[in-house]
Every structure is written in structure tokens, then in C-alpha cells.
Amino acid sequence: MSGQKLALFAVFKPDVMPTSEELRAQFSTSYPLFKEMEALEYKCWWISQEDGEWGALYVFRSREDLERYISSERWLKLIPEKYGCTPKWRVMDVGMILSKVILAEAEGSWSG
């Protein structure tokens, strides 16, 4: 089914792990781009300082949209250059999506 939503789960494991504050600042620079991407329904960045990794969970509106993104110059070249490593990733089927809060700006989105 071509219109079925799919998730992209990406994990970055850099040689030198930035602080959570540094990562949040970097994520904030990408927020306006993702906010305007019609193909992307949801994105949540996450950080695990304990494991020395961080990443994101994306939900795309269709397989075609997801495949277009993972074959783009942004995904293949710009993101690894920006963050200093290539993410390991996998595509998954989407279950139920629940969002209790809709955010319209990046700043402070990680706090309650």
C-alpha cells in the first residue's frame, strides 16, 4: 500500500559525543526545514549520553516519501557532514501515533 505511513529510526554514534545542550542547539537549526517538509508527519530527536549516541524517529506519510528522503543528498551527504558520522538506520511499520502536544517551535520543546 503506497500511502501507508512508515517510520525511519536513525542512530548516530559519534567518536566524540556532544553535550545534550550542543545537540539541542544543532537540532534547532534543522527544525525549520523539517517543519516545512510535507512528507514528514512527525520527528522526535532523542539523546542517550549514557550510551554515547543520539538519533531521531521520523514518520513519513508514504514509502515513496521516505525513499525520496533516504536517497537525497541531504541524508547521504549533508547530515553525515554536519554531525560527523553516518547514522545506522532502519525502516519500520508504524503503529498508533499519539501526540498530546503539538509544538510550533524548536526552542524549549525538550522541557515540560
Cluster question for you: counting only ILVMFWY and a side-chain heavy-atom cut-off of under 4.5 Å, with indirect links fine, are [X] and [Y] together?
X     : Y     : result
Phe34 : Leu8  : yes
Met92 : Leu6  : no
Leu78 : Leu40 : no
Ile47 : Trp89 : yes
Tyr58 : Tyr42 : no

Start with the C-alpha distance between Arg24 and Trp45, add both sets of side-chain angles, then the distance that settles side-chain contact (heavy atoms from CB on, under 4.5 Å), and finish with yes or no. CA-CA 9 Å; Arg24 288 177 182 137; Trp45 285 276; over 6 Å; no

Nearest 0.5 Å, what's the [atom1]-[atom2] distance between [X] and [Y]?
X     : Y     : atom1 : atom2 : result
Lys77 : Ser72 : NZ    : OG    : 12.0 Å
Thr19 : Gln49 : OG1   : CD    : 7.0 Å
Phe9  : Trp46 : CZ    : CH2   : 5.0 Å

Taking CD in Glu38 as the centre, count heavy atoms belonging to other residues, nucleotides or ligands within less than 6.0 Å. Is the count above 12? no

Over 12 non-hydrogen atoms of neighbours within 6.0 angstrom of CG in Asp15: no

Residue pair [X] / [Y]: nearest heavy atoms and the distance that separates them:
X     : Y     : answer
Glu22 : Pro18 : OE1-CA, 3.3 Å
Gly52 : Pro14 : O-CD, 3.8 Å
Thr86 : Pro80 : OG1-CB, 3.8 Å
Ala7  : Leu57 : CB-CD1, 4.0 Å

Would you check if the side chain of Lys13 reaches a backbone N or O of Asp51 as a donor-acceptor pair within less than 3.5 Å? yes

Are the side chains of Lys43 and Tyr31 in touch, meaning some heavy atoms are under 4.5 Å apart? no

So do Gln4 and Asp93 actually touch side chain to side chain, heavy atoms under 4.5 Å? yes

Take Ser30 and Lys82 through the side chain to side chain donor-acceptor pair (under 3.5 Å) test and state the conclusion after the steps. CA-CA 11 Å; Ser30 298; Lys82 178 177 181 177; 2.8 Å; yes

side-chain contact (heavy atoms from CB on, under 4.5 Å) evaluation trace for Met17 with Trp54: CA-CA 9 Å; Met17 181 69 175; Trp54 64 272; 4.1 Å; yes

Applying side-chain contact (heavy atoms from CB on, under 4.5 Å), run through Trp75 and Arg68 and close with a yes or a no. CA-CA 10 Å; Trp75 182 253; Arg68 207 170 8 262; over 6 Å; no

